[in-house]
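Below is one structure; the comments refer to it alone.
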Amino acid sequence: MSHTDESAKRPDFEGLVEQYYRPLYQFAFSLAQSESDACDLTQQTFYIWATKGHQLRDASKVKSWLFTTLHREFLESRRRQTRFPHYELSQVDEELPAISPARVNQLDSAQLLVALQQIDAVYHAPVALFYLEDYAYKEIAEILNIPMGTVKSRISRGIAQLQQALAGSPPAPRPQKGVS
Amino acid sequence: MNRRQAQEILLLYRPGTSDAQDPDFAAALALAQKDLKLGNWLQHQSLLQDALRAKFRQIPVPEGLKEQILSERKVQTSLPLKRKLVLSAACAACILLLAALVLPLLRSHEDKSFANFQSRMVKTVARQGLYPKMDLETNNLAEIRKFLAQHQGHGDYLLPNGLQKTTTTGCAILPWQGKAVSMVCFNSGKNPATNASDLFLFVINRADVPKAPAPGALSFAQTNSLATASWTYGDKTYILASPGDKAALREYF
């Protein structure tokens, strides 16, 4: 395939933004847990694409490249604030709480955010990618630059913590009905 | 494989994806077909995961984010490489500082407060540097007022006395949370070697930013290498941002 052909497949900047700014922001929000930081991370990711994206030879990897870059930028921004512990988890060592899908459906975004804040930071990225994108575990491992076994254990542990947090949070207020 | 092991594996199972091709999942799924209790657990867990997945995908995206990304792209492509690198460093430093400042705060998904507005405008200056993208480049203040008034901006803004002695370089209308923000850029004249913009005035309707400074109050802040002054006058709220320290900014008031 000629270079020209590869370039022809590459999406233009505006098309790329249109296609990916929403999931990238949602991923960034899951990591940073603030609108302001999430906006910054999303913008910074596209800024880096604008300056370095041409180095990516395989146009089919654009989406992974964007998520990888955003995650790397997030880690860099937090580098001096915290060191993530790197440990393996062989199993989910706590029972999952009893929480119903209907209960989850009642949640609003603010409650999801509160629950996310209660899970360990090291689980945020794998859990967010697990829920936001239908990536294979191998792809998630590549994006986060960690072994696939670690990805699976972190997702398991993160899901367990998230469900624990949701089980402990109060239900969303429901519209009041007339007294009968 | 026992039930407990199968549960650990199936916790990661996502129906309708390539997961089903994974041998571990296949074995655990086969067990779930034989084990009624495990099957019921899997059904419940799948519904729960679907609900959580939907919640994640419903995280609201701020209005105007796409437009801001696209508008900044135009600036980036017109800057020389050295300046891009300097701006990247400044932007990264700004992100670090602001992240440290805002981490303790729990924000709602639609933060329309003045603090968030100020934060976004400061980042706009940090990111775009001394050569921001302008909708109109001119040193004619009357033209700027006319342009802003004709494009849903704020042509009737009021300048502090000190700012009236500087030279305008242009203006732009920026989106923020679905509202229009007028940015008027000035050259202070402190560096005769350049005609770049080094003073940035942001104007927004006071009603669009809850918790804006009270009328008569003038508030100064320092964010990394950028100083800001903010105030409210009439029905408008203003932010003046400039590289440097707060002391340098005070001379314009």
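Being a predicted model, the structure only gives us computed values, none of them experimental. Throughout, protein chains are lettered first and strands after them, A, B, ... in sequence-line order, and every chain is numbered starting at 1.
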Salt bridge or not for [X] and [Y], using N-O below 4.0 Å?
X	Y	answer
B/Arg120	A/Asp40	yes
B/Lys55	B/Asp50	no
B/Glu63	B/Lys179	no

Please flag which part of [X] lies under 4.5 Å from any non-hydrogen atom of chain B: side chain, backbone, both or neither.
X	value
A/Ile48	neither
A/Glu18	both
A/Ile155	both

Within the 6.0 Å centroid threshold, strictly below: A/Phe27 and A/Phe67
yes
Atom group of B/Gln5 that falls short of 4.5 Å from chain A, counting heavy atoms:
neither
At a 4.5 Å cut-off on heavy atoms, which part of B/Arg14 comes close to chain A: side chain, backbone, both, or neither?
side chain
Say whether, by atom type as modelled, one donor and one acceptor occur between the side chain of B/Thr232 and the main chain of B/Pro213 under 3.5 angstrom.
yes
